[in-house]
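Below: the structure, in structure tokens.
Chain naming here is simple, since letters A, B, ... match the order of the sequence lines and numbering starts at 1 in each. Basis for what follows: all heavy atoms, side chains included, without hydrogens, waters or symmetry-related copies.
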There are 2 protein chains.
Amino acid sequence: MPMNDNSVNMNAQGGSYHHGDLRAALIEEGLAQISNSRVEKVSLRQIARNVGVSATAVYRHFPNKAALLGALCEVGSVKLSDTFRGALSDTPAGIDAFEVMGRAYVRFAIDNPSLFRLMMTKAPRAEVLQPDQEKEVGAFAMLSNTLGEVLPKDTPPELQMVKRLQAWSIVHGLSMLILDGQLPDDEKMIAAVVSRSFL
Amino acid sequence: MPMNDNSVNMNAQGGSYHHGDLRAALIEEGLAQISNSRVEKVSLRQIARNVGVSATAVYRHFPNKAALLGALCEVGSVKLSDTFRGALSDTPAGIDAFEVMGRAYVRFAIDNPSLFRLMMTKAPRAEVLQPDQEKEVGAFAMLSNTLGEVLPKDTPPELQMVKRLQAWSIVHGLSMLILDGQLPDDEKMIAAVVSRSFL
DNA sequence: ATCGGCATGTTATCAGTGTAAACATTGTGG
DNA sequence: CCACAATGTTTACACTGATAACATGCCGAT
């Protein structure tokens, strides 16, 4: 029996016509897909199928596939924020907070490769012009502000900004190189590269 | 007139049945496509169409789309190597060679965003265990060896390796963040971030 | 020189994708 | 209570990468 396009075989399963909270279900299934597939293999139709709904039903909740992926990114962002907060709160005194954050960043990327990629390609441009944007809660801001706290107080603002960008670049670059298979996922190497020795 | 799938309207253009050097033509057109499209929009069929050949003719020269893209990567690699060599040879004495290489790396990424992405996701793992692989000519090796030359001679090998990885990470991370629109394409900022101040 | 085989093209077809249009069903507020 | 808005469904279309079967033409052995 060839799967007939995007049918859903209504009167087979006991579900009701209306789903209840399809939007949330789509996001959940989308996260499941992206957690063990490359991002370019994540399919709107497959998500709909797994949720048990027709492909076009998705369009009642998202204008297009990009918007659905965008919703996944939002979830990813809070996940990353939580990871950062958790890493910081678990840090015993005397341990360098920036190194902890850096390792958490790389670890998050490794644990959520496709989602991380998606987040990076879709996120809005980081507010990077003036330091210490308290309101900003993006990945860069949390990492950057942590670095700001461990830098010497008399660091001139311009140099401080450069160091923040270097820190982000190092941590992000290392993450991407590991995700792309150019560098191995080696805990010791990660710790060494992220170490603050360069500041 | 609806485009009838993958036809090529033979007796309309004066071309002969056999192309002569289709493989090269496909690579050239592929490079053209990737130079002004995102990588996920590059289409095997579109390439074939632009070359004036049926879609399936491609499969006489490449087993699948991935192989064609792989060929584009190879061209990209020599392009990057040339860029590096050119940057080095244009460097006046007294200027830090590593900063020159770093800027060239970032500039290449900015000038060839899709190709650069493709190269990074397809390249084999960098040989990174022992330094100074003379034979290795990949992006990392050239950058890394340049850094090796400007580091103090008495730097212990282990520290040297970490610094090489940090250098690559910084340069690669900055490139990706700019490509993803997270950081602006600002010459001064790039120069500052790539500066060797962190060594 | 011819002729057969092989390299290199072609068309037809398939399964899969995102998306729009038209139709169906249901919960809900006047 | 019932129209309507919200939320589903089916159908259809233009794409994509890929396979199978068929066509053409170059080139070397007889």
On the side chain of [X], is there an atom forming a donor-acceptor pair with the base of [N] - under 3.5 Å, no angle test?
X: R45(A); N: dG16(C); result: no
X: R23(B); N: dT8(C); result: no
X: T56(A); N: dT10(D); result: yes

Problem set entry | Distance-minimising heavy-atom pair for M120(A) and H172(A) | CG-CE1, 3.5 Å

Length of the [atom1]-[atom2] vector between [X] and [N], whole Å:
X: H19(A); N: dG27(C); atom1: NE2; atom2: P; answer: 14 Å
X: E40(A); N: dT16(D); atom1: CD; atom2: C1'; answer: 14 Å
X: K41(B); N: dT16(D); atom1: NZ; atom2: P; answer: 9 Å
X: L68(B); N: dT16(D); atom1: CG; atom2: P; answer: 14 Å
X: N50(A); N: dT17(C); atom1: CG; atom2: P; answer: 11 Å
X: L44(B); N: dT19(D); atom1: CG; atom2: C1'; answer: 13 Å
X: Q33(B); N: dG17(D); atom1: CD; atom2: P; answer: 10 Å
X: L26(B); N: dT8(C); atom1: CG; atom2: C1'; answer: 12 Å

For [N] and [X] - does any side-chain N or O of the residue sit under 4.0 Å from the phosphate oxygens OP1/OP2?
X: H61(B); N: dG9(C); answer: yes
X: S43(B); N: dT16(D); answer: yes
X: R49(B); N: dC15(D); answer: no

Seminar exercise, completed: Whichever of D21(A) and K65(B) has the more 5' nearest nucleotide on DNA chain D, that residue is D21(A)

For this session: Compare the minimum distances between each of dT9(D), dA18(D), dT10(C) and the side chain of Y59(B), then state the nucleotide with the smallest one.
Result: dA18(D)

Problem set entry | Of the listed nucleotides dA21(D), dT11(C), dT10(D), the one nearest the side chain of R60(B) | dA21(D)

Problem set entry | Atom pair CG/OG1 of L159(B) and T155(B) - distance to nearest 0.5 Å | 6.5 Å

Exercise. Out of curiosity, R164(A) CZ to L147(A) CG, how far, rounded to the nearest 0.5 Å?
Worked result: 6.5 Å

If you look only at distance, which donor and acceptor atoms sit under 3.5 Å apart when one is on a side chain in residues 31-39 of chain B and the other is two or more places apart or in another chain?
residue	atom	partner	partner atom	Å
Q33(B)	NE2	E29(B)	OE2	3.0
S35(B)	OG	A32(B)	O	2.8
S37(B)	OG	Q33(B)	O	3.4
R38(B)	NE	E40(B)	OE2	3.1

For this session: Check the surroundings of atom NZ in K122(A): do more than 12 heavy atoms from other residues, nucleotides or ligands lie under 6.0 Å from it?
Result: yes

